[in-house]
There are 2 protein chains.
Amino acid sequence: MERLVAEFARLPGIGRRTAERLAFHIVKSDSSEALRLAEAVQEVKRSVKHCSVCFNFTDDRLCSICADPRRDASTVMVVEQPRDLIAMEFTGMYRGVYHVLMGRLSPLEGIGPGDLTFAELARRIDDPGLNSRGEVVAELILALNPTLEGDGTGLYVASELKSRKVKITRLARGLATGSRLELANKAVLSDALEERREVQ
Amino acid sequence: MERLVAEFARLPGIGRRTAERLAFHIVKSDSSEALRLAEAVQEVKRSVKHCSVCFNFTDDRLCSICADPRRDASTVMVVEQPRDLIAMEFTGMYRGVYHVLMGRLSPLEGIGPGDLTFAELARRIDDPGLNSRGEVVAELILALNPTLEGDGTGLYVASELKSRKVKITRLARGLATGSRLELANKAVLSDALEERREVQ
């Protein structure tokens, strides 16, 4: 029992009290229900792997995006986590492929370039044969979180790859559509002013 | 009493019940307090005027921004309301001057170009003598709210002025600094993707 509580408490957002409640539920519930949970955990660890090209979750060698011949594989969007990829896919606006870094640089947490899939990204650019259909990467879109650590990670990627013949862009910063100017903070207004565009 | 309730109820965000409570408070409170409110209302209407150049609030002919010789009067930021101007001033990033439209186009509410200070804006561009120090307007920055009506107003301003020799820009749209990509909605991500910039 104590071990199960400790395992639940290790999950993100689950405190000691919630862990105890969950463990208690498992103890009380009938055997088949509890075993189905255990099996689902084992199954997901067995079957969910990372795409060998972009590191998105997949249950095959290639993820469904890398395997899709309609996607433009010459444009690669660099994201921190699979959940960022999911948010972008949800817009239906992006037709290129991805590269999931599996985190961001964080000196405070001791996360360096070696802990991310940065080397694999550089290799995709240097050796087109590594991409799903052998395409040359023409544009890299940095789609990292607009935070201090996301910015730092983007700067690192851009400076390390600047000698390569690949165009590097990043997502726009500015006013969020539907928001109100009077409620925008200083950083948002500064970005919006600095990155202003000419109206055609 | 009925008239006072009606006057309070006319204020934005004040319903009939609140108006009754306020009116009741006035009736109960001592005479001097109630009269101070009346005088303050009269005083503000007497002393607060609109800047003759940009329509910002002022108690003089020119507002403090138009009167400041250190401001770059060749760059004019077009905002909907004085409160948007205040938000932008708070950033300390903008060194140009303003033009306050005093609202936005809203066909549903029957607000057309004639209800805004649009004609005065066009005149400032056509006749530099109307500006505070006679400067020619070189750039117009549209800083309208990133909403349907703000966009419509911006489109109208840009299309009406496009024959003039003035550069027209607008504030950037995209991810709000400090936000998280996975929580951004479809419209924000679409803007961020579409307006992406090359990393130098």
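In what follows, every chain begins at residue 1, and chains take the letters A, B, ... in the order their sequences are listed.
Scanning residues 60-87 of chain B against chain A with a 4.5 Å heavy-atom cutoff picks out B:Met77, B:Arg83, B:Asp84, B:Ala87, ordered by number. Inspection of non-hydrogen atoms places B:Met93, B:Tyr94 of residues 92-108 of chain B under 4.5 Å from chain A. Residues of residues 144-165 of chain B placed with any heavy atom under 4.5 Å of a heavy atom in chain A are listed by number as B:Leu144, B:Asn145, B:Pro146, B:Thr147, B:Ala158. The contact list for residues 120-141 of chain A toward chain B, using heavy atoms and a distance under 4.5 Å, reads A:Glu139, A:Ile141 by residue number.
The shortest distance between side-chain heavy atoms of B:Phe8 and B:Glu20 does not fall below 4.5 Å.
B:Leu4 and B:Met1 end up in different hydrophobic clusters when Ile, Leu, Val, Met, Phe, Trp and Tyr side chains are linked at under 4.5 Å. A continuous path of hydrophobic side-chain contacts links B:Leu142 to B:Phe118 [ILVMFWY only; heavy atoms under 4.5 Å]. One hydrophobic cluster, built from ILVMFWY side chains closer than 4.5 Å, holds both B:Leu22 and B:Leu11. Under the 4.5 Å side-chain heavy-atom criterion for ILVMFWY residues, a single connected hydrophobic cluster contains both B:Leu181 and A:Phe55.
A:Ala143 touches chain B through backbone and side chain together, each having a heavy atom under 4.5 Å away.
Residues B:Ala19 and B:Ile14 come closest through the heavy atom pair N-CG2, 3.7 Å. The two residues A:Ser190 and B:Thr91 make their nearest non-hydrogen contact at OG-CB, 4.3 Å. Minimum interatomic distance between A:Phe90 and B:Lys186 (heavy atoms only, all atoms of both residues): O-CD, 4.4 Å. The nearest pair of heavy atoms linking B:Asp115 to B:Gly110 is OD2-O, 3.5 Å.
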Check against side chain to side chain contact (heavy atoms under 4.5 Å, CB included), A:Met88 and A:Leu171 | CA-CA 11 Å; A:Met88 185 55 75; A:Leu171 292 187; 4.1 Å; yes
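Ion pairing of B:Glu194 with A:Arg197 is absent here, as no side-chain N (NZ or NE/NH1/NH2) approaches a carboxylate O to less than 4.0 Å. Salt bridge status for B:Arg36 with B:Glu33: absent, with no side-chain N to carboxylate O gap under 4.0 Å.
When each of A:Asn185, A:Val188, A:Asp191, A:Ile168 is scored by its heavy-atom pairs under 4.5 Å with chain B, the top score falls to A:Ile168.
With A:Arg196 contributing its side chain and A:Leu193 its backbone, the two residues share a donor-acceptor pair below 3.5 Å.
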